Amino acid sequence: MSDASSMSLIEVRDAIRNGDLTAESAASSCLHAISDRDGGIGAFLQVFDDAALESARAVDRGERTGSLAGVPIALKDNICLNHGRTTCASRMLETYESPFTATAAQRLIDAGAVIIGKTNLDEFAMGSSTENSAFHITRNPVAPDRVPGGSSGGSAAAVAAGFVPGALGSDTGGSIRQPAALTGVVGMKPTYGRVSRWGLVAFASSLDQIGPFGRTVADVALLMDVIAGFDELDSTSSPRAGMAVSPTLSEPVGKLRIGVPRQVRSEHNHPAVVRALDAAITTCTSMGAEVVDVDLPRLDDGIAAYYVVATAEASSNLARFDGIRYGHRAALSAGEGLEDLYARSRAEGFGPEVQRRIMLGTYALSSGYYDAYYRTAMQVRRLIRDEFDAIFASGVHAVMMPSTANPAFRIGEKVDDPLQMYLEDLYTVTANLAGVPAISVPAGVTTEEEGDGTALPVAMQFVGPVGGDEVVLRVGAEFEGGRVEG
Amino acid sequence: MPEETPIPYTHRMPTIVSTSLIVGLEIHVELATRTRMFSRVASMAHPGAPEPEPNTLIDPVVLGLPGALPVLNRDAIELSIRMGLALGCEIATESRWDRKSYFYPDLPKGYQISQYDQPLCGEGHVDVQMPDGSTHPIRIIRAHLEEDAGKLLHELPGGTSIDFSIVDLNRAGTPLLEIVTAPDFTSADQVEAFSRMLRNTARFLGVTEGVMQKGHMRFEPNINCELTLDDGRTVKTPVVEIKNLNSFRAVRDAIEYELREQPKRWLDDGLEMGAGMKSTRGWNDQRAVTFLQREKEDAHDYRYFPDPDLLPVTIDPEWVSEIRRDLPEVPHLRASRYESTFGLGPREAEALVDEREVCLFFEAATRAAETHGLAHDVAGKAAANLVLQVGLRLANEREVLVSDLGITADQVGAIAALRLNDEIGSSGADTLFEALCESDEDPAAAADRLGLRQVTDTGALGAWCDAVIADPANEKTVADVKMGKMAAVGRLIGGVMQLSGGQADAKAVRQMLLEKLKSGSCS
């Protein structure tokens, strides 16, 4: 029997399809790997042992078919599933069970995927290290004393550790790409509107996108083909047709022009990231691509604009957690009233980072401050989008830049310094602000010396124009296949 | 520096010489869409919707569950545009949704989806028709669309008291059109006339079912007074907003109450209209008084911002033109037309436009009568008589609308023609109307079958007349008529009608009786 934990998603899919592996044994080897090793990593918040095995046996009986028949998948625990709990790694939703399933998850299930469990995250997806989970931290499988990034750190770690061949996360400012980069897997944030947000517990509605993790770009492409497409339940869903890039992923893109923003050649980049960027340019050139310098002058403003827009929307999106209909409700003492119910339920249910962002966002939307903060941030956002538009209008197919400036940092290193933590998202937030697709692909490692005895992954991301999801996948696949080591 | 000397101060209570009323109105109209504003679950404000148990008409969107998203109900936009056009409003080409944030248990998401600075309907104007025939112009400031909140129940359904509150979200997310007028009303009469007109119009256009008891329409008057003082000064009292009035009576009483109280309050506290002076009051229906809810308009910060879950609404002017083209004539204009064209009284005309279906039924009956050769004005008058007399009587008895009695408008038109041509009498018309509620028979054939044709044959009429005149019981009446007491002839006509079994043509009988008694041929 093949060991599913070392196989790519496509290999697992093909092995099940060819009869070399049963769906049940694929699921069961995932479940064993989790029970054996996840104690030291903490990728999962819930594992659906029986339900996963039953769902896999249904594939083996031929009752469930589809392009992902029998493939084990993990879901970030802010994606609703009408099975088990949907906690968002928050005390607020510790026992919450969703009566419905997110469209993206349902599409996976309809394609035959076996949902193995729900993965850890920073509470309500707010964070860049998965240290903000109310339940436990997640360790980076590559270096267990380091963070896996966040907020989809559980999904990234689950794939990196070989617990599942693929997973879904959500990306509001880099929450898929940054953990993918830090754990050495592939992760993609689709064009805004390409994947339905129905059933994704909202953090910042205008920035949130569900996206896939996999070991290879081809894995991610296959998952995108399944989850992308119009959904009438999401008003911001793009009417653009679904995707079918997987079968033709390896076809050459043609004469490529890749832009590298001058602003990402920063002195703040880790030496390994500097080397990886140089090597990536060499790789692109060797692929026959033309690499050109481009300008993204507002890159640095992106982080400020992002934290205003994201916190403003979050302050409103999280208002529904009031202890009235569901979620944590404080036990009131005699004499306490409705105001106390709200204040105490929210104070007890939300962790410190969530409270910090709700307060920041509330402030940014307050009368008298709206223009200075929210309106200005939206204007910056517009400018960033215009800058991307200008780059793509000049004939550039994809923009290449590091996914992060640094490899995985140590657990606890940045928890007391929110600003430093926010800067983790420097290279990733612009894609969310502009609504464009971006994929993070492994692009090298640190030296063992640099990584305290471990070669830590670093990654490049390829950013495409709105709707250019297929383009970034093809470029990513070609880069992955032709990568020249730095 | 000269020493400050206190200015002699004599307090004199000013006297109010006259008080004039200033009222602006906000009206919340629950739209009669089949489903909610942003979800597909059925709406209670849809006509014929059952009265459900608390929290049975809910779904993830209405509940504001994590991960649920709003999807706009286009019907709500169309109904709002219809109403906006009827109020003469400019219709926006680009409109937007904003979140209005506040915490309350009946507000599931912690924000209400509303419209802040880009409402669907902009400025408009209507002329309110007063009962005395005059009109009063009212400016509409805007009409925006929002979602309704749920309800808090403080006792169990059935009335059992509880020491907690129940949140019922059946109403949450119902589309609500908020119409805001300028402070152009100067009397409670005007407010009432406008409110009634608005309700009739909204009902007629299918915008709302308009059942006041169900809260389909809620009125919030903003009231203050201009006081003229004996020293020639004028002052304005602080604006008072009365929340959630859902009967015309309450609107009128609350305004009149404030008109009486505000001058007294001013004499008491001297407070005048100004920023931050607005207060909110509720209405106690039993005691017929307003009561303070919020002292000054708290500078409540709703933190409006564009809802990122919804796209802006782009409204095609072509679509608006289409809606405008299909917009039916509004009821109050129809009623005036009926008065002038058909010679109906205001009450009759009002009764015809009260229910849209009845009104359309009446107009169809009028057209049918015209096809039988009646002139338009005559046809309308005759159809109105049938609909308002026998029609309404039967409808009331059977608790249905005239249009649902079973008789068709074509049949009513034919009856009107038979009656106008004196082929049947008025009691015959009533009988025929009632009979045709159960039958799709041709009215002329039915009149024959039922023997309702009037007898105009002079031979038969002559015999009946002679018999009545000869009856000793009528001796005195006959004598009276002969002496010129024309009113007495009615008794004799009645006698002939009785003899004929109702089939005699009363007009012909009268004429024949008078002739016979004048000539003395039977004396």
Side-chain angles (χ1 to χ4, degrees), chain A residues 78-80 86 88 92-93 96 98-103 124 193 196-202 204-208 231-237 309 312-313 315-327 338-339 341-343 346 361-370 374-375 378, chain B residues 37-40 55 58-74 96-114 116-117 149-150 152 163-169 172 298-313:
Chain A
N78 60 351
I79 297 172
C80 291
T86 299
C88 296
M92 182 59 85
L93 293 178
Y96 177 74
S98 175
F100 65 95
T101 295
T103 299
F124 284 103
S196 170
R197 291 186 298 114
W198 172 261
L200 171 65
V201 181
S205 314
S206 73
L207 302 163
D208 294 340
D231 180 11
E232 59 185 5
L233 297 177
D234 174 2
S235 307
T236 60
S237 170
V309 174
E313 292 184 11
S315 72
S316 168
N317 284 330
L318 272 61
R320 66 186 62 197
F321 303 106
D322 56 6
I324 301 286
R325 285 145 294 124
Y326 51 79
L338 184 62
E339 287 296 319
L341 180 71
Y342 288 139
R346 291 166 66 79
T362 302
Y363 183 78
L365 288 177
S366 297
S367 146
Y369 298 94
Y370 181 91
Y374 192 75
R375 194 183 299 278
M378 291 304 273
Chain B
M37 179 135 163
F38 295 110
S39 92
R40 294 173 180 181
N55 295 314
I58 52 171
D59 73 352
V61 177
V62 169
L63 277 170
L65 292 188
L69 294 170
V71 176
L72 177 65
N73 180 348
R74 192 183 138 107
R96 200 176 72 180
W97 307 104
D98 298 284
R99 293 182 179 180
K100 177 183 181 179
S101 296
Y102 62 95
F103 284 105
Y104 203 64
D106 66 7
L107 189 70
K109 298 184 295 296
Y111 59 83
Q112 177 191 32
I113 304 177
S114 181
Y116 181 55
D117 56 1
L152 289 189
D163 62 353
F164 54 92
S165 298
I166 293 176
V167 183
D168 177 10
L169 296 178
D298 290 327
H300 200 119
D301 188 354
Y302 290 116
R303 303 193 308 281
Y304 282 101
F305 83 106
D307 191 327
D309 284 333
L310 290 161
L311 304 176
V313 185

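Here is how names work: the chains are called A, B, and so on, in the same order as the sequence lines, proteins then strands, and each is numbered from 1. Because the structure is predicted, anything quoted here is derived from the model rather than measured.
- Around atom OH of Tyr369(A), no more than 12 heavy atoms belonging to other residues, nucleotides or ligands sit under 6.0 Å away.
- Contacts of Asn317(A) with chain B are made by both backbone and side-chain atoms, with heavy-atom separations under 4.5 Å.
- Using a 4.5 Å cut-off between heavy atoms, Val167(B) contacts chain A through its side chain alone, with no backbone atom that close.
- Between Tyr374(A) and Phe305(B), the ring-plane angle classifies as perpendicular under the 30° and 60° cut-offs.
- Contact count versus chain B (heavy atoms, under 4.5 Å) is highest, among Thr362(A), Leu341(A), Ile324(A), Asn78(A), for Thr362(A).
- Across all non-hydrogen atoms, the minimal contact from Ala68(B) to Trp198(A) is CA-CZ3, 3.5 Å.
- Ranking Leu207(A), Thr86(A), Leu338(A), Asp322(A) against chain B, the residue ahead of the rest is Leu338(A), based on heavy-atom pairs under 4.5 Å.
- Across Asp309(B), Leu72(B), Leu169(B), Leu310(B), the residue that shares the most heavy-atom pairs under 4.5 angstrom with chain A is Asp309(B).
- Interface remark: Tyr304(B) contributes backbone atoms only to the contact with chain A (heavy atom separation under 4.5 Å).
- When all heavy atoms of Phe100(A) and Gly67(B) are compared, the pair lying nearest together is CZ-C, 3.9 Å.
- Interface remark: Glu232(A) contributes backbone and side-chain atoms alike to the contact with chain B (heavy atom separation under 4.5 Å).
- Not counting sequence neighbours, the partners of Pro66(B) by the side chain to side chain contact (heavy atoms under 4.5 Å, CB included) test are Leu93(A), Tyr96(A), Val201(A), Phe321(A), Tyr326(A).
- Contact annotation for Leu200(A): only backbone heavy atoms (N, CA, C, O) come within less than 4.5 Å of a heavy atom of chain B.
- To the nearest 0.5 angstrom, Leu311(B) atom CG is 6.0 Å from Ser235(A) atom OG.
- Using a 4.5 Å cut-off between heavy atoms, Ser315(A) does not touch chain B at all.
- By the 6.0 Å contact criterion, CZ on Phe103(B) is enclosed, its count of non-hydrogen atoms from other residues, nucleotides or ligands being greater than 12.
- Remark: the backbone N or O of Leu65(B) is paired with a side-chain donor or acceptor of Arg320(A) at under 3.5 angstrom.
- Of the two parts of Arg375(A), neither the backbone nor the side chain holds a non-hydrogen atom closer than 4.5 Å to a non-hydrogen atom of chain B.
- For the options Met378(A), Arg325(A), Glu339(A), heavy-atom pairs under 4.5 Å to chain B are most numerous at Arg325(A).
- Put simply, CG on Asp307(B) and OG1 on Thr236(A) are 10.0 Å apart, with the number rounded to the nearest 0.5 Å.
- Annotation for Glu313(A) and Arg99(B): closest pair O-NH1, 4.3 Å, computed over non-hydrogen atoms.
- Once rounded to the nearest 0.5 Å, the distance linking OG of Ser367(A) with CG of Asp301(B) reads 5.0 Å.
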